[in-house]
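Everything below concerns the one structure shown next.
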There are 2 protein chains.
Amino acid sequence: MRILLIEDERELAEALSVALGKHGIVTDHTMHLADAVELTRQNLYDAILLDRRLPDGEGLSFIPELRRTGKDTPIIVLTALNEPRQRVEGLDLGADDYLGKPFLVEELMARLRAVLRRPPSLAELKIMAGRLVIDPLHLSVTVDATPLDLPRRELLVLSALARRKEKTVLRSTLEAAVYNYEEEIQSNALDAHISRLRKRLIDASAGVTIHNIRGVGYLMKEE
Amino acid sequence: MRILLIEDERELAEALSVALGKHGIVTDHTMHLADAVELTRQNLYDAILLDRRLPDGEGLSFIPELRRTGKDTPIIVLTALNEPRQRVEGLDLGADDYLGKPFLVEELMARLRAVLRRPPSLAELKIMAGRLVIDPLHLSVTVDATPLDLPRRELLVLSALARRKEKTVLRSTLEAAVYNYEEEIQSNALDAHISRLRKRLIDASAGVTIHNIRGVGYLMKEE
DNA sequence: CCACAAGGGTTGCGGCAGCATTGCGGAGCT
DNA sequence: AGCTCCGCAATGCTGCCGCAACCCTTGTGG
């Protein structure tokens with residue numbers, strides 16, 4: 001469980017970080033909205049705790065900004081601006097809860113739990129081919145929902161082919177998918193991967209076959 | 001939009017009903033818990049507003065009762081019992097929000113909107129894997145109902161893996177689950193945690209195993 | 001129909017990167 | 001002070017993967 005804390009009072013942030021840590025929550029802390037945007041780009045947080053008065057502006061402005069990037073991470077606003085009207089403002093901008101300072105850590109935890117109980121349904125991108133389901137972000141492959149673990153390079157070949165199934169993939173494209181520009185290749189390593197991959201796909205009866213297009217590249221077909 | 005209001009002060013209920021009506025919300029009202037159960041059986045509400053002190057008992061007891069029937073209708077508790085401790089109690093019983101009386105209708109509306117924004121989904125408070133039951137927000141792990149206490153970092157690793165059991169979890173994802181961006185790691189600390197965790201899982205015969213996916217990450221399997 | 005060449009397929013081997021395990025010591029908590 | 005947690009580092013091991021040798025397939029020209 002990992003959250004982002006956007007808060008400019010250093011002492012409070014420190015204390016919260018420690019307190020949440022005792023509850024098994026890892027906290028990233030920043031004081032600036034600009035950094036916060038960057039951090040959410042790099043990490044997937046379970047929730048965000050947001051102060052309103054910040055050195056570089058009104059914290060609430062962060063909410064639409066985040067939502068615009070397609071993230072529906074739960075946000076709890078923590079602030080001394082605790083008039084009912086201000087609470088309405090925060091909630092209607094897209095916050096999931098609004099807690100006035102000062103507060104008890106226990107209540108914050110309870111509200112966090114309440115908010116996290118309703119998990120955001122992130123649609124994970126998957127590639128399907130035959131009976132295979134490939135999740136390229138998590139590097140996982142399943143055949144009829146049972147996991148199939150492949151060596152990393154074979155998995156890279158597989159997803160490059162599956163992504164463009166029924167279409168030929170250039171040999172050079174495959175090489176680019178598997179090796180970075182520093183890794184030179186001096187033999188038929190790619191062919192070897194293809195070969196081993198084919199065998200595994202048959203063993204697992206994955207419902208796909210890999211065909212060669214002479215002098216061009218490879219082609220994945222569904223059966 | 002249709003909600004259920006469980007409230008014994010007739011005047012407040014009347015006023016709320018009218019106020020919500022102006023926002024296009026249809027309100028069913030009852031003063032008794034027994035009726036409430038029956039009403040939720042017959043109707044699908046978008047949300048439930050719940051008072052605590054009721055003629056026939058403590059309103060909070062209604063929450064687990066409702067959840068047990070498989071309904072995850074959002075619940076907002078409205079009550080004069082507004083001490084932090086009482087708020088924690090309500091939220092941890094499964095309420096989605098907790099609003100102390102007196103309140104402004106506008107704030108109630110904003111909180112309603114906030115709660116309704118999130119797609120309803122069965123609250124998965126616990127992660128199950130093998131004979132393990134993990135409550136990541138309360139930091140508890142049990143094997144066949146007997147508690148197992150783990151060091152904090154091992155518990156973080158465990159829940160990150162269990163949350164995505166049968167799927168590979170990237171090494172970087174695990175690192176992100178256990179360390180924040182300030183804590184640098186210069187060694188195989190993560191591997192060490194995995195190793196110790198494995199031993200404990202075996203000792204406790206937890207019914208799960210942790211597998212390595214070379215160059216990618218780890219994978220938890222149930223036996 | 002055969003010869004030949006070139007691209008592709010398969011497989012064993014060896015090096016080494018990545019992983020498992022464990023003891024140690026410092027740090028933090030009670 | 002005694003405890004546990006946890007990062008660190010040393011050690012041994014595993015299995016991925018590049019390599020290369022050899023075989024197979026396809027296509028072309030005579």
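Residue numbering restarts at 1 for every chain, and letters A, B, ... go by the order of the sequence lines. Only this structure's heavy atoms are used, side chains among them; waters, hydrogens and symmetry mates stay out.
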Under 4.0 Å from OP1 or OP2 of [N]: is there any side-chain N or O of [X] that close?
X: A:Arg152; N: C:dA17; value: no
X: B:His193; N: D:dG7; value: yes
X: A:Tyr179; N: D:dG18; value: yes

[atom1] of [X] versus [atom2] of [N]: gap in Å, rounded?
X: B:Asp149; N: D:dT4; atom1: CG; atom2: P; result: 11 Å
X: B:Glu175; N: C:dC19; atom1: CD; atom2: C1'; result: 14 Å
X: B:Leu219; N: C:dC19; atom1: CG; atom2: C1'; result: 15 Å
X: B:Leu174; N: C:dA20; atom1: CG; atom2: P; result: 12 Å
X: A:Leu197; N: D:dG18; atom1: CG; atom2: P; result: 14 Å
X: B:Leu190; N: C:dG18; atom1: CG; atom2: C1'; result: 13 Å

Look at the side chain of [X] and the backbone N and O of [Y], then say whether any donor-acceptor pair between them is shorter than 3.5 Å.
X: A:Thr142; Y: A:Asp144; value: no
X: B:His211; Y: B:Tyr218; value: no
X: B:Glu107; Y: B:Phe103; value: no
X: A:Arg131; Y: A:Ser205; value: yes

Worksheet entry | Heavy-atom protein contacts under 4.0 Å, nucleotides 8-13 of chain C, coded B base, S sugar-phosphate only, - none | SBBBB-
Worksheet item: Do B:Met109 and B:Arg113 come close enough that some side-chain heavy atom pair is under 4.5 Å?
Response: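 A side-chain contact exists here, since the closest heavy-atom pair is under 4.5 Å.
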Worksheet item: Considering the options A:Val115, A:Leu66, A:Asp96, which one meets the side chain to side chain contact (heavy atoms under 4.5 Å, CB included) requirement together with A:Thr73?
Response: A:Leu66
